[in-house]
Amino acid sequence: MPSSTSTLTYESRSQTHPTAAGRKLLQIISQKRTNLCLSIDHTDPDKILTLVQKLGPKICLLKTHIDIISFSSTTTSTTIKSFTTKLQALAQEHTFMIFEDRKFADIGSTVQHQYRGGVYEIASWADITNAHSIPGPGIIRGLKEVADGIGEPRGLLLLAEMSSKGNLGGGEYQERTLAMARNKEWRGFVMGFIAMKEVGGGSGNDGEGGEEEDFIVMTPGVGLQVGGDGLGQQYRTPEEVVGRDGCDVVIVGRGIVGADDPVAVAEVYRERSWEAYEGRVKN
Ligand code: BMP
């Protein structure tokens, strides 16, 4: 039986992870003692910057949806470029990485333009992005070519399954996504998955690379209680996600952004997610 990646510490994985973005993230997680990713799902750029300034110390990763932000309604002259530059400065100040939740889903040639160009120029400021595996390996090849030209570590997560009720991921779809991720052509780029439980990993699962594989699993649909949002989102607790199901990073949006005291609530998520991890690696 292969051993499981989820029994290893973030610290030890930060030495050996096959992607530079993964090593950097695992180091931040380990040093800051936080496996919390804030999903900053707000539409006002100024409010986002104010919240991120407050919450930066609690998180290892900031997840954005750049295309939901209303740049035209801002009261200052914040443009897209100055906004992303400010986010990068906050990431530097508080030591977290940035993940643009773009969910690319087209042929390689089209996603290259979407990743590199357009109005958002995602590759220039987002350390991490994600993609659906549905188009086949060309989507990864296309994104990797852009990432290779940036000169900074860039990582990709594949969506193996989703948190929403009735999603078509998991099962055979997840197995085929894992097989795609294992191709050694993008060993230094595909850093993990969006999934609901541990995927692949451990000794004996060495793909084609001859070394142990290690996929970082990031998981949305996390709440302080089990529940839903009436639009298909399904919430599980940090203890279930990290402790029981072996996920590495918890992604929380409205649970923190919509709270009366986001900093206090973020600390509760951080603490519970971290303790669930500590309990997991002790066993
Ligand atoms: P919330 O915690 O408010 O439910 O937000 C979850 C966030 O994670 C949203 O930004 C959503 O787009 C994202 N997400 C998700 O909820 N489920 C998935 O399977 C994949 C996601 O990226």
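Every number for a ligand or one of its atoms is a count from 1 in the order of the listing.
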Provide, to 0.1 Å, the distance between [atom] and the closest protein heavy atom, together with that atom's residue and name.
atom: atom 16 (O) of ligand 1; value: Gln233 NE2, 2.8 Å
atom: atom 2 (O) of ligand 1; value: Gly253 N, 2.9 Å
atom: atom 4 (O) of ligand 1; value: Tyr235 OH, 2.6 Å
atom: atom 17 (N) of ligand 1; value: Ser163 OG, 2.7 Å
atom: atom 11 (C) of ligand 1; value: His65 NE2, 3.9 Å

*Is there a side-chain contact between Leu38 and Lys58, using heavy atoms and a 4.5 Å cut-off?*
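No. Closest side-chain heavy atoms not under 4.5 Å.
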Do you see a donor-acceptor pair shorter than 3.5 Å between the side chains of [X] and [Y]?
X: Ser163; Y: Gln234; value: no
X: Ser133; Y: Tyr173; value: yes
X: Ser4; Y: Thr7; value: no

*What's the shortest heavy-atom distance between Met218 and Leu157, and which atoms?*
SD-CD1, 3.7 Å
*asked:* I'd like the name of whichever of Asp41, Ile194, Asp101 reaches closest to atom 5 (O) of ligand 1 through any heavy atom.
replied: Asp41
_Closest to atom 15 (C) of ligand 1 (judged by heavy-atom distance), picking from Pro220, Gly221, Ala160_ =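 Among Pro220, Gly221, Ala160, the closest heavy atom to atom 15 (C) of ligand 1 comes from Pro220.
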*asked:* Can you tell me how far apart CZ (Arg33) and CD (Glu271) are? Round to the nearest 0.5 Å.
replied: 10.0 Å
_If you measure every N or O of Asn130 against every N or O of ligand 1, does any of those distances drop under 3.5 Å?_
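No, since none of the N or O atoms of Asn130 sits under 3.5 Å from an N or O of ligand 1.
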*So is there a nitrogen or oxygen of Lys103 less than 3.5 Å from a nitrogen or oxygen in ligand 1?*
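Yes, there is a polar N/O contact under 3.5 Å.
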*Hey, what's the ring geometry for Tyr277 with Trp274, parallel, tilted or perpendicular (30° and 60° as the breaks)?*
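Aromatic pair Tyr277/Trp274 classed tilted.
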*asked:* Below 4.0 Å, non-hydrogen atoms only: which portion of Ser39 touches ligand 1? Side chain, backbone, both or neither.
replied: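 Just the side chain.
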*For ligand 1, which atoms have a heavy atom of Arg254 less than 4.0 angstrom away?*
1 (P), 2 (O), 3 (O), 4 (O)
*Sub-4.0 Å atoms of ligand 1 with respect to non-hydrogen atoms of Met162*: 18 (C), 19 (O), 20 (C)
_Checking side chain to side chain contact (heavy atoms under 4.5 Å, CB included) between Leu36 and each of Ile59, Ile251, Leu61, which is the one that passes?_
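Passing option: Ile59.
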